[in-house]
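Everything below concerns the one structure shown next.
Chain letters run A, B, ... following the sequence lines, proteins first and then strands; every chain starts at 1.
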Amino acid sequence: MVSTVWQNPVLLIVVPLGLAFFTPIIGLIRKELVKYIPILGMLFNLTLSLFLLPKVLDNPIIVSLSGWKPPFAINLFVGPVGILFSILISLVGLLTAIYGINYIKKGAVEKYHMLFLLLLTGATGIVLTGDIFNLFVFFEILCISSYALVAYNQDKNGIEAATKYLIQGSLGSAFILLGIGFLYGLFGTLNMADIARNITTVDSPALFIAMALFITGFGVEAAIFPLNAWLPDAHSSAPSTISAILSGIAIHIGIYAIFRVLYTLFGFNSIFTVLAVIGIVTLLIGEMSAFRQENIKRVLAYSSMGQMGLIIFALSIGTVDGISGGLFQIITHTLSKSLLFLCVGYMVYSTNSMELSSLNGLGKRMPLISLLFTIGVFSLIGLPPFIGFPSKLSIILAGLKTGETLFLILIVLMLLATVIEGVYFFRIIQILYFKEPDKEERFKTPFTLLFPVIILGLLIVAIGIYPGLLQEILDRSAEIFWDKLSYIKIVFGG
Amino acid sequence: MTLQLILLIGFCGAIITYFAGKILPVLREIFAVAISLLLVGMIVYAYGRYSQEIAQFGFLNFKIVFTLNRLSWLFAIIISSLSALSIIFSLSYMKGKERQDFFYMMMLFVSTSMLGIVFSGTFLQLFIFWEIMSWSTFLLISYSKGKAVKAGLKYITMSIIGSMAMLVAVISLYLKFGTLEISVISQNIDIASLRYLSCIFGLLFLGFGVKAAVVPLHTWLPDAHSEAPSPFSAILSGILIKMGIYGFILMMYMVVGIKIFMTLGVGWMKFHYVFAWLGVISILIPSFIAILQNDAKRLLAWSSVGQIGYIIVGISMGTGLGFLGGTFHIFSHAVFKGLLFLTIASVEYRTRTRDLDQLGGLIKKMPITFLGGLIGVMGLIGIPLTNGFISKWLIYKSLFESNRMFLLLFSLIGTWAAILYGYKILHNVFLGQLPEKYRNMKREPVFMQIPIIILSLTVILSGIFPGIILKLINNIAFSFGLESLNVNMWGVVSETGTLNIRNIFFGILAAIALVSIIFYSAKRSWKVSQDDNYAAGAFVPVEKYNYTVEFYAPLYKMIRKYLKDVIDIFYCWIAGLVDALCNGIRKIYTGDIGTYVGYILFFLAFLIIIYLRG
Amino acid sequence: MDFLYHNIHFIGAFGLMFIGLYMIAVKKNLIKKIIGLGFVETGINLFLIIIGYIKNGTAPIFSKAGLDPARMVDPVPQALVLTAIVINVAILALALGLAIRLYGHYKTLNVEKIRGLKW
Amino acid sequence: MKKIISFVLLVIIFIGIYFAVSQIPYGKDKMSVSKHYLNNGVKENGASNIVTSVVLNYRGFDTLGELTILFIGAIGLGVVLFGFETKGKDIKSPSLILNAGSTFLFPFILLFGIYIFIHGHLSPGGGFQGGAVIASGFLISYLGYPKKRISEKGIHIVESLGGTLFILIGLLGLLLGGYFLSNILPKGTVNTLVSGGIIPLLYVLIGIKVGAELAGIIYKLME
């Protein structure tokens with residue numbers, strides 16, 4: 001009994017949560033120790049998730065809480081997708097936490113680390129839970145902690161962005177809660193598998209309205225156009241570690257939530273077409289808005305928006321290939337965008353300015369960071385041999401495989417957006433390398449700042465050269481993600 | 001394993017070179033040269049060992065296949081040797097410049113990725129290496145900063161557009177044939193309809209055409225070639241643009257097969273027909289634009305567009321002779337254009353300028369460079385006993401035999417232009433009066449002399465004995481199912497005497513002998529120093545007496561107004577439009593939270609309306 | 001009239017929501033927007049409770065023997081509302097804190113003037 | 001203009017919602033899962049208040065999340081208002097009545113709050129409600145003595161301990177019962193104070209924690 005307790009996936013949520021709760025007490029003992037708590041928590045999560053991954057690939061694990069069988073108690077659905085996300089969250093979280101040791105110096109440092117850990121916990125909870133209301137609760141954990149963290153710097157922009165984010169985000173959450181109310185009113189249960197089992201018995205506008213509410217609500221976090229106005233503000237104003245987490249994880253969690261709900265609960269086929277179009281529109285708008293930005297973090301934020309559109313498009317293709325491509329793109333974007341934000345964080349920290357012109361000739365002043373930045377950018381554009389290429393390729397492949405004219409048009413538009421993306425990113429590369437620097441002196445980078453970025457860069461290149469590393473896991477995950485019947489079957493134990 | 005080993009050595013060597021440079025600059029140079037020579041050696045060794053290798057690991061679900069056949073060997077040897085020579089040249093050229101580690105790394109990277117392209121046995125690899133080539137080239141083009149930045153952006157923009165089109169084509173091939181292996185696709189090409197193939201060609205035309213700089217897609221080239229570091233310009237002009245041609249040859253002859261290709265097209269707009277005309281336009285207009293240029297490298301860049309036109313005309317004929325000429329021109333253009341760029345580079349290295357209005361009279365100062373330039377220009381113009389003559393002759397001949405008189409005429413007009421600008425560059429740089437400031441100039445360094453000498457010898461030798469390469473090309477043509485021609489050491493033998501360098505060789509020797517006899521026996525002139533500038537007893541200041549400025553002035557007046565690069569202007573207009581559009585789009589994020597809330601409500605309402613209506 | 005009588009609960013809940021949403025969308029004062037947020041949440045909570053209601057039901061507490069489980073109202077929405085209220089408290093507290101800070105920076109709460117971040 | 005557009009959009013949304021709501025019968029029994037809770041809740045958990053049973057046991061994980069959110073709210077406020085100075089405003093001392101009343105009322109309010117959360121499993125009420133009452137006690141004491149501060153450190157320790165113990169109890173359940181938050185203690189007799197297994201224990205923790213957090217929030221916002 002005791003031996004298997006340590007493998008229980010619930011620990012993925014509970015341990016970081018407990019650590020976060022315990023932080024103030026540790027902070028009383030020694031202030032410096034607090035910095036290492038997120039690292040501890042994420043290290044634990046990473047180990048456990050990696051350990052669980054091979055198991056859940058065969059059979060997803062169902063963990064019921066409080067000792068009652070689903071649907072009577074909340075249950076966790078620990079499938080490959082969940083574990084995949086959990087690995088991503090803990091990996092990026094770990095690296096960002098290491099980065100944060102030296103990066104976060106002023107402000108309420110202790111509280112920052114607590115919120116940081118809680119944000120990641122919320123994200124992990126969302127991807128693991130199998131209960132719609134529980135999902136909402138974790139979603140709120142994620143959202144509220146990110147509102148607070150965006151405002152962490154307490155400067156004008158940060159506060160303003162956080163306020164706007166808060167109003168839009170909580171409006172979204174309100175819609176989700178309303179949607180949950182409708183679902184409960186129709187089915188009298190909150191367990192997703194249970195709802196999914198009964199969903200065919202009801203055919204009513206309430207169902208559709210609930211779905212619309214869910215899409216809108218989660219869409220705010222997932223940055224679907226036109227719900228994404230908070231994104232550029234928040235991502236550009238937050239401390240860079242938080243931008244990395246928000247861009248690398250939080251928005252993907254929103255997407256996960258949308259598609260978990262859509263795939264498992266609803267599954268209106270017509271809405272997928274609409275979402276695919278919306279995804280491409282989001283992509284185009286994001287990339288086009290990024291085109292003329294002069295603020296480096298805003299460029300990255302808008303590009304995140306674009307990438308979200310791409311992922312939404314991939315996931316709404318509605319085939320296993322598409323989902324696999326979408327998941328791949330999520331990994332790409334997580335790795336690349338966190339890499340970019342961490343790099344930029346250091347650049348901004350050193351040059352004290354977010355204007356593109358302040359980056360002139362940084363390639364000479366901080367060669368390694370610039371090199372890694374370049375890798376991240378190339379990967380986002382989708383150039384081989386970086387991770388972005390196989391992911392984009394599989395999306396296009398999946399889209400064209402459907403053979404529908406609509407998808408063909410959308411893919412052409414997507415490629416157009418890639419061109420725009422390429423141009424503005426290449427422009428930044430040129431600014432880094434081919435403009436004369438204002439000063440000659442080189443920056444010394446502390447190891448804690450460099451280490452996470454290097455790891456991310458290596459991952460990007462390694463997976464880019466040999467994507468077979470992920471391929472099977474992704475395909476299997478996509479299958480399980482998509483398959484509603486097996487979800488129900490697994491939850492109710494055959 | 002050899003092919004993979006070659007690529008591995010190339011890529012790893014590039015990275016090692018970079019880190020070696022961090023330790024010791026000399027180490028880096030040794031590494032760079034050694035690796036590039038090693039690549040040449042390995043490719044020479046691979047001659048005749050044509051094979052197919054299936055890689056151990058795939059990419060996603062695709063098989064990775066490396067192939068070596070005659071065509072790819074030909075390209076590989078050109079790529080590897082020209083880049084080796086460029087790297088040797090850079091040893092002197094790059095001395096004292098910043099960020100050399102990066103430069104050498106990228107040089108190796110570009111050439112290895114081009115090797116990757118020609119070794120690709122599947123379209124996927126082709127695309128991957130293509131993209132690697134694109135971005136590594138981009139990083140080198142902008143190397144010199146300043147104007148180069150804009151040139152790089154222009155290049156990469158067009159390049160991305162091209163590769164996106166290519167990507168769609170590649171994936172659609174995969175969906176059609178279920179595989180991306182080039183050999184398998186070419187066997188099953190029959191299952192694709194002509195219409196489908198035409199679409200594929202249209203897309204690939206964008207992809208390959210941007211790199212090959214065929215006329216409507218050429219606008220990046222003059223900027224990029226002139227702004228890139230000069231040794232790299234040699235690679236750019238010598239081989240990189242040939243990669244596009246390689247793609248065309250691959251598609252036309254190997255995958256689709258020339259018989260089907262000749263029938264492709266919409267209505268009377270046959271693809272090969274359009275293609276040939278585009279080639280001719282590429283010859284005609286850019287050659288005249290080249291005359292107008294005053295920047296030596298820009299002139300050569302425009303001339304590259306023109307020369308690419310010859311190749312395209314040659315290969316789009318679909319006859320054995322045309323293919324022979326076109327492919328031979330790939331080789332000869334690589335050699336003489338590489339030579340010319342290196343020549344200009346060595347001039348630029350010493351004089352710090354490449355403005356044709358300011359140079360002149362360098363013949364005494366850098367004789368070897370002059371010799372290189374002379375031979376290069378001779379090759380460019382196509383004077384007999386240089387390889388340029390062989391290829392152009394063959395191309396004209398094939399046009400003649402295919403009865404394409406208009407094409408022939410325009411190509412010939414293009415050659416006149418080539419003569420004009422060839423002479424212009426030769427004269428303005430080396431002949432005429434030496435400007436005062438270069439009086440104490442040193443000769444070119446030895447590492448610059450070696451590549452120039454080697455390339456000059458190649459131009460001459462392959463001009464006298466074209467058979468060595470023609471035989472190889474003939475075999476390639478034969479394997480593509482074209483008619484096999486009787487090729488010997490001296491040229492192409494047929495009843496009509498298609499090409500026989502032996503006769504020409506001796507004929508020219510005789511002519512030279514004759515001319516020199518007349519010249520020396522009827523000598524009436526005496527030697528005058530260039531500075532003997534007396535005008536009715538008054539001393540003319542030396543600086544002003546420089547007639548290289550406004551060379552061909554009357555001609556300029558005549559043609560300048562017709563020769564605006566309309567296409568470039570059009571593209572810039574579109575770019576400006578996109579820019580304005582993008583700037584407009586971002587205004588939707590007004591910063592007003594009320595509006596944002598309105599967006600959210602709108603989205604929800606939108607979804608509800610969708611439902612209520614349908 | 002009959003319609004009103006039967007739907008008065010829903011009208012109450014959604015009326016609150018409507019007012020709240022309208023406030024968020026239209027009002028210029030940030031505090032009013034935040035109050036609107038509170039309205040929306042309250043409306044939704046009310047809706048949740050209504051969903052769980054059973055006519056003539058009793059509270060789901062077995063405080064004395066002999067209570068019929070079938071006549072009790074649904075306990076789950078009550079639990080949900082409990083959670084929702086707490087969430088709402090957290091959000092509103094944070095929002096007010098941000099508003100205080102924002103006032104410190106801009107010296108105004110008119111959102112049309114708080115537009116440092118745009119485009 | 002903006003008003004009209006917003007109004008129209010809202011009308012469309014609410015038309016949609018009207019269609020949806022018309023599908024959900026009012027006042028009818030439509031429970032599926034909660035039937036189980038009502039029928040077996042007492043047996044399974046020993047708590048006579050089913051809502052409590054749901055909140056702390058069946059959906060205990062939600063409650064953990066909820067606690068976390070409140071915790072985040074408190075810390076988040078701390079982050080946002082970190083280093084915020086009250087601009088040396090002179091706080092008027094309150095009237096004598098308020099002063100004396102708050103002193104008098106404070107212990108009673110505290111006691112009432114504690115009563116509420118201790119009896120959470122038996123009667124309406126519970127940790128959150130009790131916590132809120134306690135916080136209101138602190139509010140009154142603040143109104144009475146605006147210059148007096150309760151120690152922020154103390155609040156932190158209390159809320160931190162509350163949360164940590166909650167999780168420890170849950171983990172104990174995982175260790176002994178095989179499930180996180182499983183009810184490992186004996187159920188006891190229904191309707192007595194010591195019944196319901198871990199539920200009262202948890203509610204006490206929640207009560208203390210919520211009280212501390214709300215008090216913290218109130219103090220932060222008051223400043």
Side-chain angles (χ1 to χ4, degrees), chain B residues 135 138 142 145-161 163-164 220 568-614, chain C residues 7 10-11 13-45 47-48 84 87-88 91-119:
Chain B
W135 63 252
F138 160 76
S142 297
K145 304 180 180 171
K147 265 197 274 178
V149 172
K150 216 177 156 203
L153 207 57
K154 208 170 183 179
Y155 161 76
I156 199 69
T157 310
M158 297 186 67
S159 187
I160 297 177
I161 293 172
S163 38
M164 289 302 132
W220 63 272
D568 193 35
I569 294 165
F570 175 66
Y571 288 162
C572 287
W573 180 70
I574 287 192
L577 221 59
V578 170
D579 198 52
L581 181 65
C582 292
N583 206 20
I585 282 281
R586 69 190 176 118
K587 296 281 195 296
I588 39 177
Y589 299 105
T590 53
D592 178 22
I593 178 72
T595 319
Y596 294 168
V597 170
Y599 289 160
I600 296 179
L601 296 181
F602 168 77
F603 186 77
L604 187 57
F606 167 73
L607 285 180
I608 289 171
I609 287 175
I610 286 182
Y611 178 70
L612 292 181
R613 286 196 60 217
Chain C
N7 291 294
F10 287 124
I11 291 171
F14 288 112
L16 273 176
M17 256 189 85
F18 190 99
I19 294 168
L21 286 173
Y22 186 76
M23 277 172 84
I24 300 174
V26 170
K27 289 292 173 200
K28 291 192 174 68
N29 190 319
L30 190 62
I31 298 292
K32 283 187 185 161
K33 277 190 196 292
I34 293 172
I35 293 171
L37 218 53
F39 266 63
V40 174
E41 295 279 346
T42 316
I44 292 172
N45 289 346
F47 171 65
L48 286 175
I87 291 171
N88 202 13
I91 289 181
L92 289 186
L94 201 58
L96 288 173
L98 286 170
I100 292 171
R101 274 290 180 177
L102 208 54
Y103 187 78
H105 281 300
Y106 281 90
K107 300 292 172 224
T108 174
L109 283 173
N110 183 346
V111 289
E112 288 190 344
K113 298 222 171 80
I114 305 174
R115 284 171 64 183
L117 297 164
K118 55 183 173 183
W119 301 338

Should we count [atom1] of [X] as having more than 12 external heavy atoms under 6.0 Å?
{"X": "B:Lys145", "atom1": "NZ", "result": "yes"}
{"X": "C:Tyr22", "atom1": "OH", "result": "yes"}
{"X": "B:Lys587", "atom1": "NZ", "result": "yes"}
{"X": "C:Tyr103", "atom1": "OH", "result": "no"}

Contact class of C:Ile114 relative to chain B, heavy atoms under 4.5 angstrom: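 For C:Ile114, backbone heavy atoms alone lie under 4.5 Å from chain B.
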Can you measure from NZ (C:Lys28) to CG (B:Asp592) and round to the nearest 0.5 angstrom?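 The distance works out to 8.5 Å.
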Grab the two heavy atoms, one from C:Ala25 and one from B:Leu601, that are nearest each other, plus how far apart they are.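 Nearest pair, atom of C:Ala25 first, then B:Leu601: CB-CD1, 4.0 Å.
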Which atom names give the shortest non-hydrogen contact between B:Ile593 and C:Lys33, and what distance separates them?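 Heavy atoms of B:Ile593 and C:Lys33 come nearest at CG2-CE, 3.6 Å.
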